[in-house]
J.: 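Starting off with a structure, shown below.
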2 protein chains.
Amino acid sequence: MKLLLISNSTNAGEEYLKYPIRQIGEHLSGVREIVFVPYAAVTFSYAEYERKVQRRFDEIGVKVRSIHREKNPLKTICEAEAICVGGGNTFALAKKMQEQGLMKAILRKIKNGTPYVGWSAGSNVCCPTICTTNDMPIVEPQSFKAIGAIKFQINPHYLDANPAGHAGETREQRILEYIEANPRRYVAGLREGCMLRYADGKLTLIGERPMRIFKKGMAPREVTASDDLSFLL
Amino acid sequence: MKLLLISNSTNAGEEYLKYPIRQIGEHLSGVREIVFVPYAAVTFSYAEYERKVQRRFDEIGVKVRSIHREKNPLKTICEAEAICVGGGNTFALAKKMQEQGLMKAILRKIKNGTPYVGWSAGSNVCCPTICTTNDMPIVEPQSFKAIGAIKFQINPHYLDANPAGHAGETREQRILEYIEANPRRYVAGLREGCMLRYADGKLTLIGERPMRIFKKGMAPREVTASDDLSFLL
């Protein structure tokens, strides 16, 4: 397996996909074309999404081929050199991927060594379920099951505080609810600007901020880029 | 129908259910006992939830009878003087309500005039679906369909800004995704400290902050407590 699971496409105030593009380039070393899954886009078109990603991927010399233009999406996945799933709304993404049977097909490819890159919703769907997304359930997918290439859940865009004066649950409170209801799963709170890379049997945190780890019965704790993350595998 | 749909139980820095208790008391005028649905609780017990609500409802002289202690929850709903659904995790709440067949039973009661009070997740489940919750999908309900006593969606805890430096979607962006995918529905962004009351065929906003209205094809707009809200009905 060769995975790059990115918290967020864009840091506040920066250009789209700017901060992770060097890592994406290294992860896709030798790849000429990626199959892109744009189905998390809701308020802009899949074609726009493809163009936006292509503009950034031009910098690493990789062609972006969006699956929404293909007559046979499953065949396109089966023949992909690499697979890339973009962010947006996780429920919209999961629904369309399930309708087209992409979850299982992508898992098979990942297990055979095809590189995978996801950011935000694209990182969420690589987990066992979509249960730790931050997104609004704007449409109903067939199920919450996702690709399941990894055994733990990622919470992308992990953040520590609520805006001042807001009484809604903090992100930590939401994840504590998740682990209460799902006591066997680890959750990795992946802060913005950070990513997880799995390659050569090893999982690594990339980024300057620590990642927050949650599991039922354990106090939440921080791990850094130098820590051994094999307990998540 | 007689509904009181509250954004949030507790304003930041205040005591539990303190700010809305006077309105709840007026809404439940003449009621001696409410049937309480505590199933949104995840990290604390239903019994604790019942006690917490009872402590506040003591101020208005109303007994709280939690449905989790009943052998026949459906019968308990059918015989209820009034129904109250508390906040917490909307997915956990919907799952358990669906398993016990409570959604339809509560709709029938509401249509027959039984007073309903909900806050946060308890307001969400009164809508056609749970699709505009802010909660994390920690468990998978049978479906996203909810009670459907009103025809529009409420987004409780509506808030305007992200914490500084955070690049995740704002609440407005999330709701714009919802109306893109659900073009026929209104969404009411109900800010903290506010509630919607339906009584005598009239819908009223109660609270000092405006409510933000979203519908596909219309610019989002603010309405205040003095505005006519009949367009939502």
Side-chain angles (χ1 to χ4, degrees), chain A residues 7-14 19 40-44 87-92 94-95 120 129-141 143-145 153 155-169 171 173-182 187 191-193, chain B residues 7-14 19 40-44 87-92 94-95 120 129-141 143-145 153 155-169 171 173-182 187 191-193:
Chain A
S7 176
N8 55 310
S9 61
T10 315
N11 289 330
E14 293 182 12
Y19 87 88
V42 179
T43 54
F44 53 99
N89 185 282
T90 307
F91 293 89
K95 185 179 195 317
S120 196
T129 72
I130 60 166
C131 282
T132 48
T133 179
N134 309 306
D135 295 339
M136 191 173 268
I138 61 169
V139 292
E140 187 169 351
S143 105
F144 286 1
K145 280 196 195 129
Q153 291 287 138
N155 176 249
H157 300 269
Y158 183 79
L159 88 174
D160 295 278
N162 271 338
H166 185 69
E169 289 92 343
R171 189 68 58 79
Q173 285 171 322
R174 296 181 193 283
I175 296 173
L176 293 177
E177 288 184 345
Y178 172 82
I179 59 172
E180 185 65 36
N182 301 272
V187 179
R191 291 183 174 88
E192 293 190 339
Chain B
S7 176
N8 56 309
S9 61
T10 315
N11 289 330
E14 293 182 12
Y19 86 89
V42 179
T43 53
F44 53 99
N89 184 281
T90 306
F91 293 89
K95 185 179 194 320
S120 196
T129 71
I130 60 167
C131 283
T132 48
T133 178
N134 308 306
D135 295 339
M136 191 172 269
I138 61 169
V139 293
E140 185 169 351
S143 105
F144 286 1
K145 279 196 196 130
Q153 291 287 137
N155 177 248
H157 301 269
Y158 183 77
L159 88 173
D160 295 277
N162 271 339
H166 185 67
E169 290 92 343
R171 190 66 59 78
Q173 285 171 323
R174 297 180 192 282
I175 296 173
L176 294 177
E177 288 183 344
Y178 173 82
I179 59 172
E180 186 64 36
N182 302 273
V187 179
R191 291 183 174 88
E192 293 190 338

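Everything numeric here is computed off the predicted structure, so don't read it as measured data. Residue numbers begin at 1 in each chain, while the letters A, B, ... track the order of the sequences.
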J.: Could you report the tightest heavy-atom contact between A:Glu177 and B:Ile138, atom names first, then the distance?
T.: O-CD1, 3.7 Å

J.: Minimum heavy-atom separation for B:Ala181 and A:Val139, please, with both atom names.
T.: CB-CG1, 3.7 Å

J.: If I take atom CD from residue A:Glu140 and atom CD from residue B:Glu140, how far apart are they, to the nearest 0.5 angstrom?
T.: 8.0 Å

J.: Is there a side-chain contact between B:Phe91 and A:Pro137, using heavy atoms and a 4.5 Å cut-off?
T.: yes

J.: Are side-chain heavy atoms of B:Asn134 and A:Met136 found at a separation under 4.5 Å?
T.: yes

J.: Is chain B contacted by the side chain of A:Arg171, its backbone, both, or neither, given a heavy-atom distance below 4.5 Å?
T.: side chain

J.: Quick one: pull up CG in B:Asp135 and CD in A:Gln173 and give me the separation to the nearest 0.5 Å.
T.: 11.0 Å

J.: Count the heavy-atom pairs under 4.5 Å between each of B:Ser7, B:Ser143, B:Pro156 and chain A, then report the option with the highest count.
T.: B:Ser143

J.: Which answer fits A:Ile179, side chain, backbone, both or neither, if we ask what part of it has an atom under 4.5 Å from a heavy atom of chain B?
T.: neither

J.: Below 4.5 Å, heavy-atom pairs only: which of B:Ala92, B:Ala12, B:Ala161 has the largest tally toward chain A?
T.: B:Ala12

J.: Specify which of B:Thr43, B:Asn8, B:Leu159 makes the most heavy-atom pairs with chain A at under 4.5 Å.
T.: B:Leu159

J.: When heavy-atom pairs shorter than 4.5 Å are enumerated against chain A, which of B:Glu14, B:His166, B:Glu169, B:Glu180 gives the highest number?
T.: B:His166

